[in-house]
Amino acid sequence: MKAPKIFKLSDITKSLQNMILEHYNGYFWIQAEIAKLNFYPRTGHCFPDLVERERGKVKAELKSIIWSTQFQKINEKFKTIAKTELQEGMSVLLRGKLNYHPTYGFSIHIYAIDPKFTLGNMAKEKDDHIRRLKKEGLFDLNKQLQFPLLPKNIAIISYNTSKGYADFNQVMRQEAKEFSINYQLFPSLLQGDGATKTLITQLQYIKNNWRKKFDVVLIIRGGGGDVGMNCYNDYELCKEIAEFPLPVVTGIGHSTNATIAELVAHKNTITPTQTAYFLLEKLLQQKEELNLFTLQLKDLSNIILNQENEILKEVQQKIYNQLRNKVEKQNSNLNNMQLLLDKSSLVFLSKNLHQVEDLKKIISAKAKSIFDKAQTTIELQQKNLLYFYKNYYLKREFELNLLANKVELNSPNQIFKRGYAVVMKNNQIEKEVKNFKSNDLITIKMYEGEIEASVTKTKVYES
């Protein structure tokens with residue numbers, strides 16, 4: 001039996017190397033995705049892992065090499081055209097040579113990458129995602145939510161060193177001093193392939209654990225190019241924003257071509273600075289409405305007081321007229337009585353002259369007594385009428401003052417100032433203890449502020 005021919009491993013690898021050099025010695029344009037960049041800053045070389053995916057699964061994979069000189073040129077071209085550096089997750093069209101090394105195996109030496117292809121591929125993918133969201137009825141879902149009248153509790157998805165977050169903080173510190181605004185940062189990557197996952201994770205974390213605490217969610221960051229913001233065109237991220245149970249406001253940069261995340265959000269304010277002013281505008285609008293309500297309440301109180309004053313004036317005039325008529329009537333009766341007495345005296349005097357003097361004295365004394373009694377009665381009636389009028393006027397004045405005090409005391413600020421408070425759950429005022437359960441998040445509105453608390457125990461008193 002003839003012994004089999006034995007090859008050395010180096011013979012096989014050398015043969016493969018010669019075959020590659022013979023049949024694949026030219027340049028090729030290759031479409032692939034950069035799964036991992038593998039850039040080494042010390043040397044400047046880059047060793048990207050290239051993949052081809054089909055329905056989310058890797059169909060092909062190959063290593064590649066970009067030497068430092070080519071990498072600098074490619075990166076500069078990307079920054080000029082796509083406004084971003086070469087990064088993981090990009091779909092690229094590259095120009096390179098196939099190479100085989102006996103020790104390191106197959107690889108592609110990359111000499112150029114077309115950034116325009118990457119931009120075009122992203123645009124097509126963006127249009128596909130928009131059509132899908134509209135077909136599934138999700139595109140305008142978040143916009144249909146009612147925006148809170150007082151957005152005071154805010155969840156912010158950003159990064160603590162982001163320029164956009166710093167701009168937002170600066171505006172709020174300078175312009176929102178008179179408002180009690182509470183906001184909490186949920187840190188997330190804001191650019192690149194890893195941003196999509198962390199953004200979705202933070203949105204789901206807020207939805208599952210903090211939904212009842214916040215009124216609105218902000219996603220803010222500084223500006224960037226189309227490629228750097230491509231993560232905001234991701235279907236899963238945009239679906240999460242569209243279905244989010246709270247209004248989502250975006251302020252993610254100066255890009256002229258709005259991302260899908262901005263299109264499906266409840267409100268897109270472009271920059272974090274505009275996001276801050278948008279919230280302040282909502283608060284100032286409510287402040288103006290409260291001031292207008294206060295003015296209307298004061299005007300209504302003045303109208304009521306003026307009406308009551310007019311009624312008092314009418315009553316005063318009526319009492320005065322009645323008193324004057326009564327006095328005039330009594331005076332007329334006295335004058336008639338005096339005339340009658342004078343006439344009777346003359347008749348009696350003519351009949352019985354000798355008794356005139358005595359009778360005159362009696363009549364005079366009686367007339368004086370009647371006059372004095374009538375005068376006393378009139379004076380007493382005058383005093384009674386004046387006393388009645390004065391008491392009636394004071395009573396009406398007291399009632400008006402009491403009404404004015406009630407209007408003032410029943411204003412919201414005065415009620416809070418006396419120690420009362422309003423307990424709210426889910427932005428609704430609750431009046432009964434039985435509506436609360438343990439661990440419920442509540443807001444207690446008090447004078448000059450409010451308290452966020454959690455219910456630890458409830459007790460209902462029997463009436």
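A quick note: this is a predicted structure, and the numbers were derived from the prediction, not measured.
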Report task. Would you indicate whether Phe147, at its atom CZ, is surrounded by more than 12 heavy atoms from other residues, nucleotides or ligands within a distance under 6.0 Å? Result -> yes
**Report entry** Counterpart residues, side chain to side chain donor-acceptor pair (under 3.5 Å), relative to Asn75 (two or more places apart)
**Finding:** none
Query - Distance under 6.0 Å and angle within 45° of ring axis: Lys425 vs Phe436 - result: yes
Requested in this report: Give a yes or no on whether the backbone of Ile260 and the side-chain of His129 come within a donor-acceptor separation of less than 3.5 Å.
Outcome: no
Report summary line: By salt bridge (charged side-chain N to carboxylate O under 4.0 Å, His left out), Lys239 pairs with (sequence neighbours left out) Glu243
Query - Contact list for residues 303-340, test ring-ring contact (aromatic ring centres under 6.0 Å, His included), sequence neighbours left out - result: none
Report task. Please check if any side-chain donor atom of Thr443 sits under 3.5 Å from a side-chain acceptor atom of Glu450, or the reverse. Result -> no
Requested in this report: For Arg211, look at atom CZ and say whether over 12 heavy atoms of other residues, nucleotides or ligands are found less than 6.0 Å away.
Outcome: no
Query - Ile429 atom CD1: more than 12 heavy-atom contacts under 6.0 Å - result: no
Requested in this report: Answer with yes or no whether the side chains of Thr259 and Glu262 bring together a donor and an acceptor at under 3.5 Å.
Outcome: yes
Query - Listed partners of Asp128 passing side chain to side chain donor-acceptor pair (under 3.5 Å), at least two apart - result: Lys124, Arg131
Query raised in the report: Partners of Tyr165 by ring-ring contact (aromatic ring centres under 6.0 Å, His included), sequence neighbours excluded?
Result: none
Report task. Flag the pair Lys213 and Glu452 as a salt bridge only when some basic side-chain nitrogen lies within less than 4.0 angstrom of an acidic carboxylate oxygen. Result -> no
Query - Glu76: partners by side chain to side chain contact (heavy atoms under 4.5 Å, CB included), with sequence neighbours left out - result: Lys79
**Report entry** Reported NZ-to-CG distance for the pair Lys197 and Leu189, which is rounded to 0.5 angstrom
**Finding:** 11.0 Å
Query raised in the report: Got a sec, which residues hit ring-ring contact (aromatic ring centres under 6.0 Å, His included) with Phe214, two or more places apart in sequence or on another chain?
Result: Phe186
Report summary line: The complete set of side chain to side chain donor-acceptor pair (under 3.5 Å) pairs with one or both residues in residues 136-150, sequence neighbours excluded, reads Arg132-Glu136, Glu136-Tyr235
Report summary line: Sorted by chain and number, sequence neighbours left out, side chain to side chain donor-acceptor pair (under 3.5 Å) with Thr250 holds for Asn268
Query - Partner residues of Ile154 under the side chain to side chain contact (heavy atoms under 4.5 Å, CB included) criterion, sequence neighbours left out - result: Ile156, Ile181, Tyr183, Val216, Leu218, Leu279
Query - Which residues share a side chain to side chain donor-acceptor pair (under 3.5 Å) with Gln381, sequence neighbours left out - result: none
Requested in this report: Not counting sequence neighbours, which residues clear side chain to side chain contact (heavy atoms under 4.5 Å, CB included) with Ile370? List them please.
Outcome: Met337, Lys366
